[in-house]
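We use all heavy atoms of the structure for the numbers below, so side chains are in, but hydrogens, waters and symmetry mates are not.
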Amino acid sequence: MRLLSIHKCQPGVTLARSVYAENGTILVGAGVSLTQRMINRLINMNITNVYIQDKRTEDIVVEAPVSEETRREAMGLINETFRASHQSPQKWQQMFSDRQFGRQIRQVLATVADELKGKDSAMNLLADACAFDHYIFAHSFNVMLYSTALALKSDFGEREVLDIGVGGILHDIGKMSIPDEILKKPGRLTADEFQTMKKHTEIGFEMLRRQDDIPLLAAHCAFQHHERINGTGYPRGLKGDEIHPYAQLMAVCDVFDALTTHRVYRPPMLPHEAMELLYTGVETLYAKEYVERLRDTIALYPLGLTVVLNTGESGVVVDYNKGTPSRPIVRILYDESGSPVANPYEYDLSKRLHLMIVSCDGLF
């Protein structure tokens, strides 16, 4: 399979991986050949790229971070929770007064943690394309996955991992109280609009801290995930160790996913581009340990991504190198003149240090 921008898809291409709706159900299943009408619909639903079947890369198998069933349960839970919060505080309170709902959240997050423990490969969230009406739904799912994976790599205890997962899934719940004209504004926010947007951290904290089934430290993830090491964050301008470790971890996950996710005001970055930007803020904005662990957790160059080398040759990423995430294995499909090669060959960039990736196929 190969990763391709939805804008470069032609009628007749066949999906290699399913496209999901925001509630976790399958919108278009793997094996379906796309028509122009379907391609247009996916574009309108904010899908940016898909995995398609391709004979030259048919041996590439992309593994999702969690199972389809777990993804469906988690996305359904996010959809239900955030929509209840958006509709009315009373409905939110009623939902969380049901202890069965609290147990459901913990059960889903425990399953996510168990599945992530069993994965040794780099995490590739581009594996699952998700159509969404509200970006917060997909963002909350992604941040939950990233933060849980980082918590596992950071040797937190089982209960701590679960609390961090709860914080990840609900860190932006306060945004559901922000007016849509601000939250979904396609252009730059005015100073007054930005001040309103910033209130989501305090709103989220107040919502979560009052719920018996929500850990207080998970509420602090909502409160502090926009704080920065040098004190330039909000809402309180905390510095360094004044910021709880959970929130320091959450900040890295939140920013990384924001950079790599489509927004109404800008296209997303590829993972390696977002990671480079994060590194510019290490020890001033973000905790170095969590940036480094995220780098070792995610796929900087997703499987199936088309890349160009400094030799002029181009091909697709076919495997990762654990420990050297910026040096994947690339299958060359086109020579330096751009002509297809009769017999594709592979370079392990961790062993051929003179070779460098100089550009990637624009996915967005």
Notebook entry, point to check: Counting only heavy atoms not in D59, do more than 12 fall under 6.0 Å of its CG?
Noted result: yes

Checklist line | side chain to side chain contact (heavy atoms under 4.5 Å, CB included) partner of F141, chosen from I136, N79, I78 | finding: I78

Check: Taking all non-hydrogen atoms of both residues, which atom of H139 and which atom of D254 are closest, and how far apart?
Finding: NE2-OD1, 2.8 Å

Checklist line | Aromatic centroids of H244 and H220 separated by under 6.0 Å | finding: no

Check: Looking only at heavy atoms, what is the nearest atom pair of F223 and E202, with distance?
Finding: CE1-CG, 3.7 Å

Checklist line | Ring center gap for Y286 and Y279 short of 6.0 angstrom | finding: no

Notebook entry, point to check: Looking only at heavy atoms, which two atoms of E227 and G237 are closest? And how far apart?
Noted result: OE1-N, 3.1 Å

Notebook entry, point to check: Looking at L355, D348, L349, which hits side chain to side chain contact (heavy atoms under 4.5 Å, CB included) with V330?
Noted result: L349

Next item on the list: Show your reasoning for whether salt bridge (charged side-chain N to carboxylate O under 4.0 Å, His left out) applies to D155 and R293.
Entry: CA-CA 11 Å; D155 296 323; R293 286 170 187 159; over 6 Å; no

Next item on the list: Consider only side-chain N and O atoms of S154 and E289, and report whether a donor and an acceptor are under 3.5 Å apart.
Entry: no

Check: Side-chain donor-acceptor pair under 3.5 Å between T111 and D114, yes or no?
Finding: no

Item checked: Minimum heavy-atom distance between L162 and R106, given as atom pair plus value -> CD1-O, 3.6 Å

Margin query: Applying side-chain contact (heavy atoms from CB on, under 4.5 Å) to L259 and E273, what does each step give before you reach the verdict?
Written below: CA-CA 9 Å; L259 293 173; E273 296 171 323; over 6 Å; no

Check: Counting distance only, does the side-chain N/O of R228 pair as donor-acceptor with the main-chain N or O of Y234 below 3.5 Å?
Finding: no

Check: Does a donor on one side chain sit under 3.5 Å from an acceptor on the other, for T14 and S33?
Finding: yes

Note to self: Tell me if a side-chain donor or acceptor on T70 pairs with a main-chain N or O of S67 at a distance below 3.5 Å.
What the structure shows: no

Item checked: Geometric cation-pi criterion, R2 with Y51: 6.0 Å, 45° -> no

Item checked: Side chain S339, main chain D335, donor-acceptor under 3.5 Å -> no

Next item on the list: Decide yes or no for V62 and N124: does some side-chain heavy atom of the first lie under 4.5 Å from some side-chain heavy atom of the second?
Entry: yes

Notebook entry, point to check: Should we count NZ of K119 as having more than 12 external heavy atoms under 6.0 Å?
Noted result: yes

Item checked: Donor-acceptor pair, side chain of N321 and main chain of T324, under 3.5 angstrom -> no

Margin query: Give me the atom names and distance for the closest heavy-atom approach of V161 to A113.
Written below: CG1-CB, 4.2 Å

Margin query: Could you tell me if T190 and D192 have a donor-acceptor pair between their side chains, going purely by distance under 3.5 Å?
Written below: no

Note to self: Hydrogens and angles aside, do E313 and T311 bring a side-chain donor and acceptor to less than 3.5 Å of each other?
What the structure shows: yes

Note to self: Would you say CZ of R209 has more than 12 non-hydrogen atoms from neighbouring residues, nucleotides or ligands within 6.0 angstrom?
What the structure shows: yes

Notebook entry, point to check: Should we count CZ of R295 as having more than 12 external heavy atoms under 6.0 Å?
Noted result: yes

Next item on the list: Measure across Q53 and A16 and return the closest heavy-atom pair with its distance rounded to 0.1 Å.
Entry: N-CB, 3.8 Å

Checklist line | Salt-bridge present (E206, R210; N to O < 4.0 Å) | finding: yes

Notebook entry, point to check: Any side-chain donor-acceptor pair under 3.5 Å between T201 and Q224?
Noted result: no

Next item on the list: State plainly whether the residues K175 and D180 are in salt-bridge range, i.e. N to O under 4.0 Å.
Entry: no

Next item on the list: Using a strict cut-off of less than 4.0 Å between a Lys/Arg side-chain nitrogen and an Asp/Glu carboxylate oxygen, indicate whether K185 and E193 qualify as a salt bridge.
Entry: yes

Item checked: H226 and H200 aromatic centres sub-6.0 Å -> yes

Checklist line | Atom CD of E242: over 12 foreign heavy atoms under 6.0 Å | finding: yes

Notebook entry, point to check: What about the rings of Y301 and H272, do their centers lie closer together than 6.0 Å?
Noted result: yes

